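The model shown is predicted, which means the values in this text are computed figures rather than measured ones.
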Amino acid sequence: MRKLIVLGFVGLLAQLIDGSLGMAYGVTSSTLLLAAGVAPAAASAAVHFSEIGTSLVSGAAHHRLGNVDWRTVSILAVPGFVGAFIGATALSNMNAEVAKPIVAGILLGLGIYVIYRFLRLGGRRPQFKARPSVGFLAPMGLVAGALDAVGGGGWGPVGTTSLLSSGRLEPRKVVGSIDTSEFVVAVGGSLGFILALGSQGINWGYAAALLAGGVVAAPIAAWLVKHLAARVLGVAAGGLIVLTNSKTILEAVGVPGVGIAVTAAVLFVTWISGIVWALKQERLARATVDEPVLEVASA
């Protein structure tokens, strides 16, 4: 019972992060399940079944707050479903550890670019004009869906990172669209797991506990992303990408635990400093925009 309560809290925290920054639900939940000794396929299956409910509630909340670009969701959904189904059915015969550091390296580079893109604005506010094309979204959805099923998480890190780095959707709509389309991805992955493992190979208690915590957090996270400035949200998401993938790469190359901890601490402090700087720049940008209004009023 204690383990289920802890998993419920993890589901709440993971969904709060995922719904605000567009990633980390699957990675956070799967990491804990693996640490508890659950087999990779069973862990990913439990996470995906819980995500059916959390992503549905999260998507509804994001839609109500205007955080969803439905064109993006409609294009991502089918490739994401197919990729997740393939990834789930292939997981038992695939060595995910080989691909993990390579994918982490790609995501790390994209995360650094995301931070650079939003920090280099200075006092200017970000502009988002074009929308992502089908040729960009469809392959991304297929790859992200497959990685999500294989690694227990990947839809958010790949999808959110790629869309943010493209600069074609404002961050709140990136997060809302990725979270909403994740429902279809979770269904595809769950279908693959139920066919490959059977119902006996899935711990339904773990899935229910993660679901309960995630459902509570979903509306709160959607509200947060609605009110966070694009610059701040972009830097926050980029920092999370860099922090999580740096750890994966350091582990893969054999860096000892102390070295990983020190690196993580430095990156964390740098991340928080970047968010603080972004908040200051956002205040300056808003003050600049408001000045002409004040002058007209005084005239």
Side-chain angles (χ1 to χ4, degrees), residues 14-27 47-88 110 114 128-149 153-192 211 214-215 217-228 230 233-234 237 241:
Q15 182 58 43
L16 190 61
I17 298 171
D18 187 272
S20 300
L21 299 182
M23 68 193 79
Y25 180 87
V27 173
V47 169
H48 277 78
F49 274 100
S50 69
E51 279 182 325
I52 291 177
T54 58
S55 59
L56 183 62
V57 175
S58 180
H62 278 299
H63 171 64
R64 283 197 303 270
L65 293 169
N67 296 337
V68 181
D69 182 86
W70 285 103
R71 174 183 173 276
T72 297
V73 172
S74 65
I75 296 171
L76 281 175
V78 174
F81 177 95
V82 173
F85 181 84
I86 294 172
L110 289 172
V114 168
F128 307 94
K129 298 178 181 178
R131 298 169 82 186
S133 65
V134 176
F136 173 79
L137 290 172
M140 185 198 78
L142 185 66
V143 172
L147 289 175
D148 189 80
W155 181 252
V158 174
T160 302
T161 304
S162 300
L163 282 176
L164 281 174
S165 63
S166 74
R168 297 180 182 181
L169 276 181
E170 57 181 303
R172 72 181 182 91
K173 290 205 170 182
V174 169
V175 173
S177 300
I178 290 295
D179 267 23
T180 302
S181 57
E182 192 168 20
F183 169 74
V184 181
V185 176
V187 171
S190 298
L191 181 59
L211 171 62
V215 165
I220 303 172
W223 182 88
L224 282 174
V225 76
K226 169 73 173 180
H227 291 84
L228 281 175
L233 186 57
I241 295 164

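- Screening Leu169, Val174, Leu163, Ile75 for a side chain to side chain contact (heavy atoms under 4.5 Å, CB included) with Asp69, the sole residue that qualifies is Leu169.
- To the nearest 0.5 Å, atoms OG (Ser181) and CH2 (Trp155) are separated by 4.5 Å.
- The two atoms that bring Ala61 and Ala218 nearest to each other are CB-O, 4.3 Å, heavy atoms only.
- Between Lys173 atom NZ and Thr72 atom OG1 the span is 9.0 Å, to the nearest 0.5 Å.
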Self-check item: Criterion side chain to side chain contact (heavy atoms under 4.5 Å, CB included) on Val68 and Asp179, from CA distance to verdict
Solution: CA-CA 9 Å; Val68 181; Asp179 267 23; over 6 Å; no
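- When all heavy atoms of Ala84 and Gly189 are compared, the closest pair comes out as CB-N, 3.5 Å.
- Pairing each heavy atom of Ala138 with each of Pro79, the nearest pair is O-CB, 3.3 Å.
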Quiz prompt | side chain to side chain contact (heavy atoms under 4.5 Å, CB included) evaluation trace for His63 with Val73 | solution = CA-CA 11 Å; His63 171 64; Val73 172; over 6 Å; no
Exercise. Go through the steps for Asp148 and His48 under the test side chain to side chain contact (heavy atoms under 4.5 Å, CB included), then give the verdict.
Key: CA-CA 9 Å; Asp148 189 80; His48 277 78; 2.6 Å; yes
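- In terms of modelled atom types and a separation under 3.5 Å, the side chain of Thr180 and the main chain of Ser177 share no donor-acceptor contact.
- Side chain of Asn67 to backbone of Val175: no donor-acceptor contact under 3.5 angstrom is found.
- Residues that satisfy the ring pair (Phe, Tyr, Trp, His ring centres under 6.0 Å) test with Phe183, not counting sequence neighbours, are absent from this structure.
- With rounding to the nearest 0.5 Å, the separation of CZ in Phe81 from CG in Leu142 is 12.5 Å.
- The shortest heavy-atom contact between Ser190 and Ile52 is OG-CD1, 3.5 Å.
- One finds the NE2 atom of His62 at 13.5 Å from the CH2 atom of Trp223 (value rounded to the nearest 0.5 Å).
- Side chain of Arg71 to backbone of Pro132: a donor-acceptor contact under 3.5 angstrom is found.
- The two residues Gly214 and Thr54 have their closest heavy-atom pair at CA-CG2, 3.6 Å.
- Between Ser58 atom OG and Ile178 atom CD1 the span is 11.5 Å, to the nearest 0.5 Å.
- Once rounded to the nearest 0.5 Å, the distance linking CD of Glu51 with CG of Leu211 reads 10.5 Å.
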